[in-house]
Number of protein chains: 2
Amino acid sequence: MADPQHLTPAGRRVVAAADELFYERGITAVGVALIAEHSGVTKRTLYNQFGSKDRLVAAYLTERDERWRALVRATVEACDDPVEAVTAPFAALRTWARTSSRGCAFINALAELPDPADPARRVAVDQKVWLLSLFEELSAAADRPEPAALARQLLVLHEGALTTLPLPLETLDATVDLARSLVTAAAPPGR
Amino acid sequence: MADPQHLTPAGRRVVAAADELFYERGITAVGVALIAEHSGVTKRTLYNQFGSKDRLVAAYLTERDERWRALVRATVEACDDPVEAVTAPFAALRTWARTSSRGCAFINALAELPDPADPARRVAVDQKVWLLSLFEELSAAADRPEPAALARQLLVLHEGALTTLPLPLETLDATVDLARSLVTAAAPPGR
DNA sequence: GTCGATGTTCACCGATCAGTATACTTGAGG
DNA sequence: CCTCAAGTATACTGATCGGTGAACATCGAC
């Protein structure tokens, strides 16, 4: 049911409204009635499609995750240089930030949903694990030594830039520069 | 009213209960009745002391901020070497993380309280601004060139480590190492 | 000995919450 | 023509939410 391919047109509009409202105003603070209203759909239809608010939240995070991964993949594939590709997620972050001024939706979800059994937590944690292994793959492909350690550093930088986004501190450019220098400083071995 | 010095004994117990419950379970998810119960205080007393939930939230964040700043200051002052002192907030973070497995309370609060006029947002933003200028002061005192740029990098690293804390990724040690190398790599000028 | 601050007890308010019941409409496919 | 799925309209439930009113207890200070 979390698969947007299997959703009806009304279901897709519900997820779109949930995406905007949950992200902008917070998950707990937004009621299902408001989402139904914004998507031009009856509350009954919403429940026929998703069954519960928890599952709607999971669908919201899943859809956002898929959009984010698609953007990152496209940015990576647009890079000719494998060294440049390692920092492609940071370039994607700059694009992403234009419409996401409230920080990371997944970190925010973890903040609001402390229950370890909540299915939405899986989605959020999986996203970070995915990004970490992507950094590692890209580092290895760019012939960096110790790609795992570099990937950890890049992930922390990425999360730092993402979470300071709602703060008026303008940290994005400085972070991208630092990430680039970390990657280039980690020279290929045996030169 | 947010000053813990002016609080009555009952008021202090309320803040202590709010500190635990708001942080562990989220601000919106925890009702005032639950906080009153956990602090052994009547809901009436809670409202006599704080007036509204918003103000209690602000008091909770203020108290947590003061505790955090005191820890950082103590850690900084325990350093003999001014270069080592620049990364003292990261050492403090390691201590802090032992009791804070749910990430940064201030980032979490920003996630839950999207209203720009919310007084609690000021507290959260001010904390990050304070940390940024502390990094800058310490960098300047350690004779680093471009202390402002270094401070930005350190803040992003710090927030990255803090927000990945609830994730099972073990990023803290790697982050502290990277922070140290950034500080030592920024050699004093004119040597 | 009284007075004000601190706190308790407990009932109460209107609003909102997630979720459900029932009956009706619409439109495409066989 | 009929059927079935998708969706609408509306009213409803029980619980919980933040917040209030009013009367009473305790106790140190002047």
Side-chain angles (χ1 to χ4, degrees), chain A residues 1-19 21-22 24-61 109 111-115 117-121, chain B residues 1-22 24-61 109 112-115 117-121:
Chain A
M1 77 223 55
D3 195 338
Q5 251 70 356
H6 300 162
L7 286 179
T8 65
R12 273 189 286 271
R13 272 186 297 154
V14 169
V15 173
D19 188 26
L21 290 169
F22 280 154
E24 290 299 331
R25 308 191 195 180
I27 294 171
T28 317
V30 168
V32 290
L34 186 65
I35 291 177
E37 185 187 336
H38 269 66
S39 49
V41 149
T42 312
K43 211 166 62 157
R44 185 79 251 198
T45 300
L46 189 155
Y47 273 93
N48 283 342
Q49 291 287 324
F50 299 97
S52 73
K53 185 181 181 180
D54 283 343
R55 291 224 282 270
L56 175 57
V57 171
Y60 144 62
L61 289 178
E112 290 204 67
L113 310 171
D115 181 8
D118 198 310
R121 287 188 72 90
Chain B
M1 78 222 55
D3 195 338
Q5 252 70 357
H6 300 163
L7 287 179
T8 65
R12 273 188 286 271
R13 271 186 297 155
V14 169
V15 173
D19 188 27
E20 188 186 327
L21 291 169
F22 280 155
E24 291 299 331
R25 308 192 196 178
I27 294 172
T28 316
V30 168
V32 292
L34 186 65
I35 291 177
E37 185 187 337
H38 270 66
S39 50
V41 150
T42 312
K43 210 167 61 158
R44 203 69 184 89
T45 301
L46 189 155
Y47 273 93
N48 283 341
Q49 291 287 323
F50 299 97
S52 72
K53 186 182 179 179
D54 283 344
R55 291 224 283 270
L56 175 58
V57 171
Y60 143 63
L61 289 178
E112 291 203 67
L113 310 171
D115 181 8
D118 198 310
R121 286 187 73 89

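Atoms considered below: every heavy atom in the structure, side chains included; atoms not considered: hydrogens, waters and symmetry mates. As the structure is a prediction and not an experimental result, all values here were calculated from the model.
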Of all the nucleotides listed (D:dG7, C:dG19, C:dT8), which has the minimum atom distance to the side chain of B:Thr42? C:dT8
Between the base of D:dG19 and the side chain of B:Lys53, is there any donor-acceptor pair under 3.5 Å? no
Side chains of A:Thr28 and B:Glu112 only: does a donor on one sit below 3.5 Å from an acceptor on the other? no
Just compare C:dT8, C:dA18, D:dT8 and give me whichever is closest to any side-chain atom of A:Val32. C:dA18
Please check if the side chain of B:Arg25 supplies one atom and the backbone of A:Pro114 the other of a donor-acceptor pair under 3.5 Å. no
Phosphate OP1/OP2 of C:dG7: any B:Thr8 side-chain N/O under 4.0 Å: yes
Nearest whole Å is fine: how far is D:dG18 P from B:Leu113 CG? 13 Å
Would you mind reading off the distance between A:Asn48 atom CG and C:dA18 atom C1', rounded to a whole angstrom? 15 Å
Can you give me the closest heavy-atom contact between A:Leu113 and A:Arg121, atom names plus distance? O-NH1, 2.6 Å
If you check the A:Lys43 side chain, which of D:dG18, C:dG7, C:dA18 turns out closest? C:dA18
Nucleotide C:dT20, atom C1' - distance to CG of A:Leu46 in whole Å: 13 Å
Could one point to a donor on the side chain of A:Arg44 or the base of D:dA9 with an acceptor on the other under 3.5 Å away? no
Could you state the CZ-P distance from B:Phe50 to D:dG18, rounded to the nearest angstrom? 15 Å
Backbone N or O of A:Thr45 within a donor-acceptor pair of the A:Thr42 side chain at under 3.5 Å? no
With respect to the side chain of B:Tyr47, which nucleotide from D:dG18, D:dA9, C:dA18 is positioned closest? D:dG18
Could you give the CZ-to-C1' distance, from A:Arg13 to D:dT8, as a whole number of Å? 12 Å
What heavy-atom pair brings A:Ile27 and A:Lys53 nearest, and what distance separates the two atoms? O-NZ, 3.1 Å
Look at all strands and tell whether B:Val14 reaches a base, only sugar-phosphate, or nothing, counting heavy atoms closer than 4.0 Å. nothing
Atom CD of B:Gln49 to atom P of C:dA5: distance rounded to whole Å? 13 Å
Whole-Å distance separating the CG atom of B:Leu21 from the P atom of D:dG18: 12 Å
What's the CD-P distance between B:Glu37 and C:dT9, to the nearest Å? 13 Å
